[in-house]
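Naming convention: chains lettered A, B, ... in sequence-line order (proteins, then strands); numbering from 1 in each chain. Just so you know, these numbers come straight off a predicted model, no measurement behind them.
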Amino acid sequence: MTASADTDFADVAAGDAVRSLDSSIRTIWTIKMAAFSLLLFLPALFYDLTHLFSPDSWLPAGALSGTVLLGGVLYCVVWPRLRHRAWGFALRPEEIYMEHGVLQHVRTIVPLRRIQHVDVSQDLIEREFALGRLVVHTAGSRSSDVVIPGLPLSEAEAIRDKIKRFILEDPLTEEPV
Amino acid sequence: MPSPPTEPNSDGRPDTPPAPDRPPDDEAEPAPSETAEDAAATTLGAIREPQRLHPLTLLLRVGTSLPALVIILFPLLRNPGSTENVTSLVFGALYGAFALPAILLQYWRFSYRITPKQIVIQSGVLNRKNRSIPIERVQNIQIERNLVARLCGIAKVKLETAGSSSTEGSLAYVHQGEARKIRQVVRSFQRGAQEADAATSEDAADTETLLDMPLRRVLLSGAFRFSLLYLAVIFTVLELFNPEALVERVLRARGRVGWVSEIVFSHPALAILATVVAAVFLGWVSGIGVHVARYYNFRLWLDGDKLRKRHGLFTVTEGTVPLDKVQALILRTNPFMRAFGWYELKVQTVGLDVEEQGHRVIAPFAGAERILELARRVRSVELPESFAHVSRLTIRRRFIRYTAVWSALLLPTVYFWPADWLHLGGVALPWWGFGLVPFILGWAVLQYRNHTYAAGEDGFYIRRGVLSHYLWILPVEKFHVFHATASIFQRRLGLKTLFVDTAGAATFAYPEVIDAPAGEADAQFSALYRRFRQLYRGRMEAEAGVPGTRLAPSERPRLPVDEPPE
């Protein structure tokens with residue numbers, strides 16, 4: 001083993017040289033969370049409106065929908081930022097390293113030779129922002145697909161091609177499982 | 001239908017079905033390799049012509065569909081004279097007109113063949129399905145023979161691959177000898193033609209029996225598998241047959257039983273005691289019964305580079321596990337077995353068997369020494385001298401967590417407990433549920449005591465379990481994805497959970513290291529990955545001369561690119 005080989009896995013778990021996601025992923029998350037909050041808010045509003053003039057309401061008027069609205073707005077504003085800050089990934093010569101999670105911190109190493117196949121996917125909102133998601137499939141049970149969201153589409157595709165290249169050029173011909 | 005099926009031969013022998021709609025890719029196989037493999041194929045008897053299933057399959061399928069017919073005709077059978085039976089007769093006729101031809105057509109339109117590259121199974125009457133399974137993807141070939149199949153001399157062949165979560169292809173049923181031949185052919189194609197001759201004989205010189213279980217051992221083994229599950233099944237079945245009438249008849253028939261039952265019913269405590277004793281006894285006996293039925297005549301042997309086993313009383317199962325497809329080893333023992341030093345050994349494979357949850361029992365019952373010896377035959381296992389405990393703080397975290405969940409369950413019941421329901425000692429009954437809190441603490445302590453881990457040279461060893469003890473052995477070369485996680489509560493206590501994913505791991509009872517001190521977990525996290533990488537670098541060096549990928553430095557995957565690649 002050469003010295004240079006050693007140095008590039010000194011940082012395996014140190015997480016010093018990680019990249020963060022594209023910042024417009026925050027907007028995408030905000031939109032998605034706003035849609036979710038709206039789903040919660042509408043029933044609350046409906047409840048408040050129907051009980052507006054009822055004499056025996058046990059909540060002051062607008063309390064429920066107000067709370068949901070406040071919580072929803074806070075969620076939409078704060079959560080994407082926290083999530084974006086928590087996200088980091090690195091593509092290294094032999095592995096993908098990633099860390100994410102606001103409440104639950106998760107650090108993951110996916111060795112490139114363990115990858116069964118790689119997809120780049122996009123949903124409707126992501127397409128508007130020209131972002132893509134890298135979906136990495138492994139034979140593991142819990143982590144059978146590992147997702148890196150919020151990459152510029154061209155970059156996601158470049159990563160995908162690099163990983164493919166690595167797998168094709170792997171001198172070991174044994175099966176991945 | 002593209003081509004009408006011809007009549008089967010009157011002698012009932014499996015003949016080659018007409019008009020094999022071969023997939024186009026098959027024709028495109030390069031001719032030279034085809035001829036080269038043909039030489040091997042002739043000695044092996046590769047099954048190139050599309051084959052039908054065994055004709056007795058028809059009989060068996062009709063047999064299994066008979067219960068449906070009985071249900072349809074039930075009113076008629078009960079009350080033969082009635083005029084209301086017309087509908088059931090119509091349905092019966094419909095059954096005859098559709099179900100039976102469907103079985104026949106399915107049989108005619110089902111064919112399989114095995115080429116050196118793939119197994120092709122064609123099926124379907126209206127929707128033609130053409131499934132080809134690449135030979136090298138086949139992880140396991142299982143031959144199953146239930147009682148009827150054994151009487152008829154036929155067998156079911158199940159082909160499992162890594163990609164799918166269930167059996168990829170199932171041939172039910174083929175002739176018993178044919179089943180063995182299929183397995184041999186597939187295995188020899190996997191190993192390559194040069195070794196093929198060795199594989200043709202069943203008892204070649206390199207077979208070695210690893211474990212034989214005589215009936216006495218199987219009975220003993222069953223005696224340790226007390227299970228209430230089977231009991232529940234028995235009671236459910238009894239439920240269907242109206243047990244009271246049955247019990248009453250038994251009681252009337254025998255005066256002595258009546259006398260016993262009178263005593264038992266004279267006091268509620270006695271009745272409860274009798275029920276518990278009977279339940280325990282029945283659970284024990286049914287456990288033995290089920291165990292013997294499953295593992296009767298258990299034999300495990302090593303055939304070259306694969307493990308093979310055969311067992312079963314009514315349904316004989318024959319399984320093959322190639323040694324290099326073993327993803328992990330699992331040693332298990334329950335409190336009774338542990339008290340006498342008995343263990344069970346399972347291996348984790350990828351083709352997920354629904355019954356065994358991806359785990360294959362290699363040795364149902366053996367002493368500790370024997371089990372370790374067996375495990376060493378499967379993989380190099382060097383049980384580390386000392387195992388490290390997880391952090392003691394795990395007791396606190398688990399205790400708080402379980403208590404919180406338990407309270408969340410109890411408090412609503414306390415709140416909604418009606419005033420006229422049982423109040424023990426002046427408080428509502430659910431309050432007494434909090435009496436279990438000390439036991440929760442005890443459980444958390446036991447979980448801590450039994451949860452240890454160690455990183456050996458060749459693998460990662462994890463021990464877990466309070467009642468059933470588990471020891472997972474994860475070989476370095478089968479590591480897949482590495483995780484280190486810390487929830488918000490774990491971070492407050494400076495703990496982390498470490499998890500090394502393997503292919504085909506069960507979805508429950510993960511081999512996780514829960515609540516290791518954060519620093520230690522992180523160190524272990526990188527150390528395990530480093531070990532994995534070192535192993536594969538060594539292999540790459542052996543293969544290609546350089547310990548790394550063949551890619552030029554500029555082509556290697558690298559992001560972020562703030563530092564220039566060497």
Please check if atom CZ in B/Arg401 has more than 12 non-hydrogen atoms from other residues, nucleotides or ligands closer than 6.0 Å.
no

Determine the minimum heavy-atom distance between B/Val481 and A/Val110, stating which atoms define it.
CG1-CG2, 4.0 Å

Which portion of B/Phe532 sits near chain A, non-hydrogen atoms under 4.5 angstrom
side chain

What part of A/Leu168 is in contact with chain B, defined as an atom under 4.5 angstrom from a non-hydrogen atom: side chain, backbone, both or neither?
backbone

OG1/A/Thr108 to CZ/B/Phe525 distance, rounded to the nearest 0.5 angstrom?
6.5 Å

Atom pair NE2 (B/His483) and CD (A/Glu99), whose distance is rounded to the nearest 0.5 Å
14.0 Å

What one should report as the nearest heavy-atom pair of B/Arg558 and A/Pro93 is NH2-CG, 3.6 Å

Scan the side chains in residues 30-44 of chain A for donor-acceptor partners under 3.5 Å anywhere in the protein, sequence neighbours excluded, and list what turns up.
unit_1, atom_1, unit_2, atom_2, d
A/Thr30, OG1, A/Arg26, O, 2.7
A/Lys32, NZ, A/Asp123, OD2, 2.8
A/Ser37, OG, A/Met33, O, 2.8

Rounded to the nearest 0.5 Å, what separates atom CZ in A/Arg92 from atom CZ in B/Arg533?
8.5 Å

Verify the neighbour count for atom CZ of A/Arg133: are there more than 12 heavy atoms of other residues, nucleotides or ligands below 6.0 Å?
yes

Could you tell me which non-hydrogen atom of B/Arg491 sits nearest to which non-hydrogen atom of A/Val102, and how far apart they are?
NH2-O, 3.3 Å

Quick check against the 3.5 Å criterion: does A/Arg107 have a side-chain atom that pairs as donor or acceptor with the backbone of B/Ala486?
no

What's the spacing between B/Gln490 CD and A/Gln104 CD if we round to 0.5 Å?
6.5 Å

Please check if atom CD in A/Glu128 has more than 12 non-hydrogen atoms from other residues, nucleotides or ligands closer than 6.0 Å.
no

Would you compute the distance between atom NZ of B/Lys478 and atom CZ of A/Arg114 and round it to the nearest 0.5 angstrom?
7.0 Å

State the CZ-CD distance between B/Phe482 and A/Glu95, to the nearest 0.5 angstrom.
9.5 Å

